[in-house]
Structure formats: C-alpha cells, structure tokens
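A short write-up of the structure that comes next.
From a predicted model like this one, the values you see are computed outputs, not experimental measurements.
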Amino acid sequence: MEYSSLFVCLMGMGTVFFGLVCLIVLTTIMGKIFSGTPSAAPSPAPAPAVKSAVPTASEPNRQELVAAVSAALAEELGTDITGIRILSLKKL
C-alpha cells in the first residue's frame, strides 16, 4: 500500500503538533507540582536596604569611555573609527 505525499506530510505535522501539546501540558503540570512544594531550608528574610553616604564611583574619564566604545563599535562594524559619531551615552 502506497501513501500519498500529502497524507505523509499531514501525519508528520500532526505527530509533531501532538508532541508539542503533550510537552506544554507536562511542563504546566510539573510547574504546578513543584511550585507548591516548600524548599528544604526556609530562605532568610531580606535585610533592609542601607543607603550609603558615599556615592558609587561614576565613569573615571568620560573621554576614555567614549573612545573605548567607539573603538569597539568600529571593530564590530568593520569601519574606520573616524566614521563613528557618538551623540550620547546612557548608563543602563
């Protein structure tokens, strides 16, 4: 007995779809099972945040930072560093 190409394609896609649905159901069930179990050791209460009087160190030299970023971009893009113009830098 010879099967048509369309039948074989649809059976393959149906099998994959059914397998993916089974994976979704199993991961959902496992997530619900394991999210409800308490951990072996209770986590300690978080310590209150303490504000320091000394501000954190900012960029040591803004020009050196811009030069380093420009060099990295030029290397990645494969262009000359004179072709890159950085308008602003924001700390993320």
Should [X] and [Y] be counted in the same cluster of Ile, Leu, Val, Met, Phe, Trp and Tyr side chains packed under 4.5 Å apart?
| X | Y | answer |
| --- | --- | --- |
| Leu65 | Ile81 | no |
| Leu89 | Leu73 | yes |
| Tyr3 | Met11 | yes |
| Ile33 | Val25 | yes |

Query raised in the report: To the nearest 0.5 Å, what is the distance between OG1 (Thr15) and CG (Leu10)?
Result: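 These two atoms lie 10.5 Å from each other.
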
**Report entry** Nearest-0.5 Å distance, OG1 of residue Thr27 to CG of residue Leu23
**Finding:**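 Atom-to-atom, Thr27:OG1 and Leu23:CG are 7.0 Å apart.
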
Query raised in the report: Any idea which heavy atoms bring Val66 and Ile86 closest together, and the distance?
Result: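 That closest heavy-atom pairing would be O-CD1, 4.0 Å.
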
